[in-house]
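Just so it is clear, the model here is predicted, and its values are computed rather than measured. Counting from 1, the numbers follow the sequence of the chain as shown. Worth knowing before you read on, the calculation uses all heavy atoms, side chains too, and leaves out hydrogens, waters and symmetry mates.
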Amino acid sequence: MDMPFGGLIGLLILIADIWAIINVIQARTELVAKLLWIVLIVVLPLLGVIIWYFAGPRASKL
């Protein structure tokens with residue numbers, strides 16, 4: 001199972017995206033806000049997760 005370095009990075013980004021989307025769904029925010037976060041994460045996978053982590057609904061608890 002020889003996975004190139006780019007494939008490993010892509011897999012890690014996919015895992016981070018799934019984790020972020022699950023956390024967005026579980027957040028206690030409005031449905032519209034959840035949908036916008038999910039669209040951002042799906043359209044911009046790496047950047048979307050980073051933005052969500054720092055500016056998302058639970059970011060104030062950091």
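Clustering ILVMFWY residues whenever any of their side-chain heavy atoms sit less than 4.5 angstrom apart, transitively, puts Val24 in the very cluster that holds Trp19. Neither Ile22 nor Val42 shares a network with the other; the hydrophobic side chains, linked directly or stepwise wherever heavy atoms of I, L, V, M, F, W or Y lie under 4.5 Å apart, form separate groups for each. In terms of hydrophobic clustering, with Ile, Leu, Val, Met, Phe, Trp and Tyr side chains grouped at heavy-atom distances under 4.5 Å, Ile13 and Val39 are assigned to a common cluster. In this structure, Leu36 is not a member of the same hydrophobic cluster as Val43, with clusters built from ILVMFWY side-chain heavy atoms closer than 4.5 Å. In this structure, Phe54 is a member of the same hydrophobic cluster as Trp37, with clusters built from ILVMFWY side-chain heavy atoms closer than 4.5 Å.
Put simply, the side chain of Ile38 reaches to within 4.5 Å of the side chain of Ile25, judged on heavy atoms. Annotation: side chain of Trp52 is not in contact with side chain of Leu40 (no heavy-atom distance under 4.5 Å).
Distance check: Leu14 CG to Leu46 CG gives 12.5 Å after rounding to the nearest 0.5 Å.
A side chain to side chain contact (heavy atoms under 4.5 Å, CB included) with Val49 holds for exactly one of Ile21, Leu44, Ile41, Ile18; it is Ile41.
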